[in-house]
Engineer: 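Just dropping this structure here.
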Amino acid sequence: MTTTKPLILITGANQGLGFATAQQLASTGKYNLLIGARSQEKAEGAIKQLHESSIDSSLTPIVIDLDHDESITAAAKFVEESFGSLDILINNAGINRSSDPNATLRETYRAVFETNVFGVAVMTATFLPLLRASKYYDRRIVNVTSGLGQIGIAYSPTSEYSAKIWELPVYRSSKSAINMINAVDAVSLGKENILSVLAAPGFCRTNFGGGNGVKSAEEGAQPIVRAATEGTPKELFAKLVDDENTLVEFGW
């Protein structure tokens with residue numbers, strides 16, 4: 001299948017921030033979207049919802065379970081056979097706790113890192129050949145992070161995301177790891193004109209946070225969309241598109 005519009009893959013696009021991101025990108029009519037979810041049923045359900053919202057865009061379901069390498073490999077093979085390349089990858093899918101309420105501390109860390117860190121690292125590495133094969137002038141990898149992952153913010157006595165207010169060491173450390181992965185990728189892939197950039201949606205009212213939050217999923221998706229489609233690699237290098245939709249020089 002050939003396409004003249006940029007092809008964007010969004011993981012975890014069947015709900016929450018991923019769905020809102022897909023909705024905003026699809027509404028422009030400028031992109032072809034791969035709607036990633038853990039099952040075909042969830043991906044197709046999201047696409048049905050998007051079409052019910054009067055969105056008439058190219059939407060393709062794709063099954064990706066970040067906890068399993070074989071699922072990621074199969075997804076990459078599907079994209080290669082169907083489209084030949086990928087223009088923009090949005091690593092959105094993530095969790096903040098184990099699905100097992102009786103999980104030990106080690107099991108909890110393992111579950112969160114399996115998805116948020118190992119899964120994202122394997123996603124990027126597996127899809128990188130498809131990004132390299134793209135002829136699109138503005139290839140990007142967007143990693144969805146959180147202000148909770150910044151060490152300086154955790155220490156801060158005044159930040160609303162301070163560890164004094166929110167401890168959350170498991171989730172925080174997983175996002176700190178993503179920040180470092182992104183930094184290394186930004187430097188190494190910059191030589192190939194592939195931008196790797198961070199987006200921090202803020203605390204949004206989604207299932208991820210139990211429906212709590214200070215912003216809607218639609219508001220939280222805005223910095224993700226901006227990181228994927230706006231600015232230039234030079235402007236966005238070593239920056240974070242934060243939940244106020246501004247560019248922040250990324251520090252420790």
Side-chain angles (χ1 to χ4, degrees), residues 5-67 71-72 75 78-79 83 86-97 99 112 115-116 119-120 123-124 127 140-146 148 171 174-175 178 197-230 241-243 245:
K5 296 179 181 179
L7 180 65
I8 303 178
L9 168 57
I10 310 168
T11 63
N14 60 296
Q15 63 178 341
L17 289 169
F19 181 83
T21 298
Q23 196 169 38
Q24 290 177 29
L25 288 169
S27 67
T28 69
K30 297 179 180 179
Y31 308 100
N32 291 311
L33 303 182
L34 292 163
I35 304 299
R38 288 186 181 230
S39 71
Q40 187 76 14
E41 181 181 13
K42 289 180 179 179
E44 290 178 352
I47 289 175
K48 182 180 179 182
Q49 283 184 271
L50 289 167
H51 284 314
E52 287 173 352
S53 301
S54 299
I55 287 175
D56 185 15
S57 187
S58 176
L59 306 170
T60 304
I62 184 168
V63 178
I64 304 175
D65 185 340
L66 294 189
D67 292 354
S71 174
I72 296 172
F78 169 79
V79 174
F83 300 95
L86 178 68
D87 302 314
I88 298 170
L89 170 62
I90 300 178
N91 285 316
N92 163 76
I95 63 173
N96 58 9
R97 63 177 71 87
S99 59
V112 172
T115 301
N116 294 8
V120 170
M123 267 296 298
T124 298
F127 279 85
R140 300 188 182 193
I141 299 166
V142 178
N143 291 307
V144 177
T145 185
S146 169
L148 295 171
Y171 180 69
S174 75
K175 289 304 181 180
I178 283 300
V197 63
L198 294 165
F203 187 25
C204 301
R205 295 184 294 275
T206 65
N207 291 337
F208 186 87
N212 299 309
V214 296
K215 296 186 175 185
S216 66
E218 291 71 26
E219 291 172 312
Q222 290 173 5
I224 303 175
V225 171
R226 185 180 179 196
T229 63
E230 297 182 17
V241 185
D242 74 1
D243 59 326
N245 213 21

Engineer: When you compare the side chain of Thr60 with that of Phe78, does any pair of heavy atoms fall below 4.5 Å?
Structural biologist: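 Result yes, sub-4.5 Å side-chain heavy-atom pair found.
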Engineer: Can you confirm whether the side chains of Ser174 and Asn116 place a donor and an acceptor under 3.5 Å from each other?
Structural biologist: yes
Engineer: Under the criterion side chain to side chain contact (heavy atoms under 4.5 Å, CB included), which of Thr28, Leu25, Ile90 is the partner of Val225?
Structural biologist: Leu25
Engineer: Taking the side chain as every heavy atom from C-beta outward, state whether Tyr31 and Asp87 have any pair of such atoms under 4.5 Å apart.
Structural biologist: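 No, every pair of side-chain atoms sits at 4.5 Å or beyond.
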Engineer: Sequence neighbours left out, what passes side chain to side chain contact (heavy atoms under 4.5 Å, CB included) with Ser146? Give chain and number order.
Structural biologist: Leu148, Tyr171, Lys175
Engineer: A side-chain contact here means heavy atoms from C-beta on lying under 4.5 Å apart; do Leu9 and Met123 qualify?
Structural biologist: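 Leu9 reaches Met123 side chain to side chain.
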Engineer: At their closest point, which heavy atom of Ala227 faces which heavy atom of Arg140, and how far apart are they?
Structural biologist: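 In this case the closest contact between Ala227 and Arg140 is O-NH1, 2.8 Å.
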Engineer: I need the minimum non-hydrogen distance between Ala22 and Ile35, along with the two atoms involved.
Structural biologist: CB-CD1, 3.8 Å
Engineer: Which residues pass the salt bridge (charged side-chain N to carboxylate O under 4.0 Å, His left out) test with Glu230, sequence neighbours left out?
Structural biologist: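 If we apply the salt bridge (charged side-chain N to carboxylate O under 4.0 Å, His left out) test to Glu230, skipping adjacent residues, the hits are Arg226.
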Engineer: Which heavy atom in Ala13 sits nearest to a heavy atom in Ala46, and how many Å separate them?
Structural biologist: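 Minimum heavy-atom contact is O-CB, 4.0 Å.
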Engineer: Please tell me if the side chains of Val112 and Asn96 come closer than 4.5 Å, counting only heavy atoms from C-beta onward.
Structural biologist: no
Engineer: Here's a test for you: under side chain to side chain contact (heavy atoms under 4.5 Å, CB included), which of Ile10, Thr11, Leu33, Val79 qualifies with Ile62?
Structural biologist: Val79
Engineer: Of the options Val144, Ile141, Ile178, Val142, which is the one that meets Asn91 in a side chain to side chain contact (heavy atoms under 4.5 Å, CB included)?
Structural biologist: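 Only match with Asn91 under side chain to side chain contact (heavy atoms under 4.5 Å, CB included): Ile141.
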Engineer: Supply the atom-to-atom distance Leu59 CG to Asn32 CG, rounded to the nearest 0.5 angstrom.
Structural biologist: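 Nearest 0.5 Å value for the CG-CG distance: 8.5 Å.
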Engineer: Just so I know, are the side chains of Ser58 and Lys5 near enough to count as touching, which here means a heavy-atom distance under 4.5 Å?
Structural biologist: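 No, too far: nothing below the 4.5 Å cut-off.
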Engineer: Can you tell me how far apart CD (Gln23) and CG (Leu17) are? Round to the nearest 0.5 Å.
Structural biologist: 12.0 Å
Engineer: Under the rule for side chain to side chain contact (heavy atoms under 4.5 Å, CB included), what residues qualify as partners of Glu41, not counting sequence neighbours?
Structural biologist: Ser39
Engineer: Do Ile64 and Ile72 pass the side chain to side chain contact (heavy atoms under 4.5 Å, CB included) test, and can you show the C-alpha distance, the side-chain angles, and the key distance before you say yes or no?
Structural biologist: CA-CA 6 Å; Ile64 304 175; Ile72 296 172; 4.2 Å; yes
